[in-house]
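What's counted below: heavy atoms across the whole structure, side chains too, no hydrogens, waters or symmetry copies.
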Amino acid sequence: MSTSSGSPESWIASFCSLLGHEYFAEVSEEFIEDDFNLTGLQSQVPMYKEALEMILDVEPEDDDDDEDEEDEDEQDDSGDARGGVGGRQYGERRQHSRVASDLSVIESSAEMLYGLIHQRFICSRVGIQQMSEKYELGHFGVCPRTNCNQARTLPVGLSDIPGEDTVKLFCPSCLDVYVPPNSRFQTVDGAFFGRTFGALFLLTFPEYDLSKTGAEALSNLHASRSATSSSMAIDDNLMVNGVYARNVAPGLGRDKIYEPRIYGFRVSEVARSGPRMQWLRDKPEDVTELDEARQFAQEHGDSDDEDEAMNLNGRTVVRRRPPGSARLRQNQRRNQNGSPMALEANGAESEL
């Protein structure tokens, strides 16, 4: 294959341009040539060296060229029964058939190797930036759920091991995964994207407004969004666990859950035809309740033990807990002296 300029197209570019490979990013050759990025892949991919040479468009090195030439010279000198020219043609046909049979194995190994490298590349700084450009253009599609208002999805895998499941689409609005609508994507291995990319993408680019629809995001319209409740409005700069509060599952919560009704009356959840698993779509009205680390810091504050553990030189003093037997003896001695603390059977102290 060749491009319009006449230069031959690389293997990576041709692989990403295949039908059904629209989700893939083009891994840079600098990333592949770094041996650190390929650690552990040699044991997972058969014919690893040949597959890597095919991905990088490197001509395979024939180590046995000299030996083959010597063998041909010996056959010519000894006078093969098939004849000089016929024997050489027979050897070329055998070599050609052997290369053709190995070529299909190398191609499948190259696809697997590229997919595993792709899983690591999209989690790097350059790779995740390339995927963000595809995300802004809507290459990964939108969520099929109505209450998500066409929120853009991300390709993810349910497993990091090849061959277990196909690629899925993760919606950051409802925090659910869906099967791609087109059947051509159902042959792509989900391990080529992995389980890390989706969450890492949202933490890397928290400025994306997931509450907007896909059409608004593509046209860069900044429409005003309604508050989640009449009594509370979420601050645009409020962060919850590294994500803006407005991007914490905007497709869930009140008014975002379908409630079946019969003549205006809600169907009971315990009824046979009632709704099921609605709690999966629920979300607290105050999203700051999900920030457990901040709540713990506000309730307990900074521990005084850290200040006491620092000496004048600024070095941390490691204090070891006394043995349990010594503590028990100390408590028993305290109780004998008339202390108001009594020792329970399980070793805990309680007031009398």
Separation between CD1 of Ile122 and CG of Leu200, rounded to the nearest 0.5 Å: 9.0 Å
Reported CZ-to-CZ distance for the pair Arg120 and Phe36, which is rounded to 0.5 angstrom: 9.0 Å
CE on Met131 to CZ on Phe193, rounded to 0.5 Å: 5.5 Å
Ala110 to Met54 - nearest heavy-atom pair and separation: CB-SD, 4.0 Å
Side-chain donor/acceptor of Lys134 to backbone N/O of Phe140, under 3.5 Å: no
Side chain to side chain, Pro155 and Phe192, heavy atoms closer than 4.5 Å: no
Point-to-point distance, once rounded to the nearest 0.5 Å, from SG of Cys123 to NE2 of His118: 9.5 Å
Only pairs under 3.5 Å count here: list side-chain donor-acceptor contacts from residues 156-175, not counting sequence neighbours, and write none if there are none.
from: Ser159; atom 1: OG; to: Ile161; atom 2: N; distance (Å): 3.2
from: Ser159; atom 1: OG; to: Glu164; atom 2: OE1; distance (Å): 2.6
from: Asp160; atom 1: OD1; to: Arg195; atom 2: N; distance (Å): 3.0
from: Asp165; atom 1: OD1; to: Lys168; atom 2: NZ; distance (Å): 2.9
from: Thr166; atom 1: OG1; to: Lys168; atom 2: NZ; distance (Å): 3.1
from: Lys168; atom 1: NZ; to: Thr166; atom 2: O; distance (Å): 3.3
from: Ser173; atom 1: OG; to: Gly251; atom 2: N; distance (Å): 3.0

CZ (Arg261) with more than 12 external heavy atoms under 6.0 Å: yes
Greater than 12 external heavy atoms within 6.0 Å of Arg184's CZ: yes
Proximity of Phe201 and Tyr135 rings by center, below 6.0 Å: yes
Note, Ile262 side chain near Val267 side chain (heavy atom, < 4.5 Å): yes
Minimum heavy-atom distance Leu52-Ile32, with the two atoms named: CD1-CG2, 3.6 Å
With a cut-off of 3.5 Å and sequence neighbours excluded, list every side-chain donor-acceptor pair involving residues 18-28.
from: His21; atom 1: ND1; to: Phe15; atom 2: O; distance (Å): 2.8
from: Glu22; atom 1: OE1; to: Gly20; atom 2: N; distance (Å): 3.1
from: Ser28; atom 1: OG; to: Phe31; atom 2: N; distance (Å): 3.4

Gln42 side chain reached by Tyr48 side chain, heavy atoms, under 4.5 Å: yes
Side chain proximity check, Asn37 to Phe121, heavy atoms < 4.5 angstrom: no
Audit row: Phe197, Gln119, side-chain contact (heavy atoms from CB on, under 4.5 Å) steps and yes/no: CA-CA 8 Å; Phe197 168 69; Gln119 176 193 138; over 6 Å; no
Atom of Pro46, atom of Gln44 and distance for their closest heavy-atom approach: CD-O, 3.8 Å
Any Tyr114 side-chain heavy atom under 4.5 Å of Cys16 side chain: yes
Heavy-atom side-chain contact between Pro284 and Leu290 under 4.5 Å: yes
Side-chain heavy-atom pair Val126, Gln129 within 4.5 angstrom cut-off: no
Shared hydrophobic cluster, Leu38 / Ile106 (ILVMFWY, side-chain heavy atoms < 4.5 Å): yes
Rounded distance (nearest 0.5 Å) linking atom NZ of Lys256 with atom OG1 of Thr146: 12.0 Å
Min side-chain heavy-atom separation Leu202-Asn247 under 4.5 Å: no
Met112 atom CE, over 12 foreign heavy atoms within 6.0 Å: no
Trace of the side-chain contact (heavy atoms from CB on, under 4.5 Å) decision for Val248 with Leu210: CA-CA 9 Å; Val248 179; Leu210 304 179; over 6 Å; no
Distance, nearest 0.5 Å, that separates CD1 of Ile55 from CD1 of Ile117: 5.0 Å
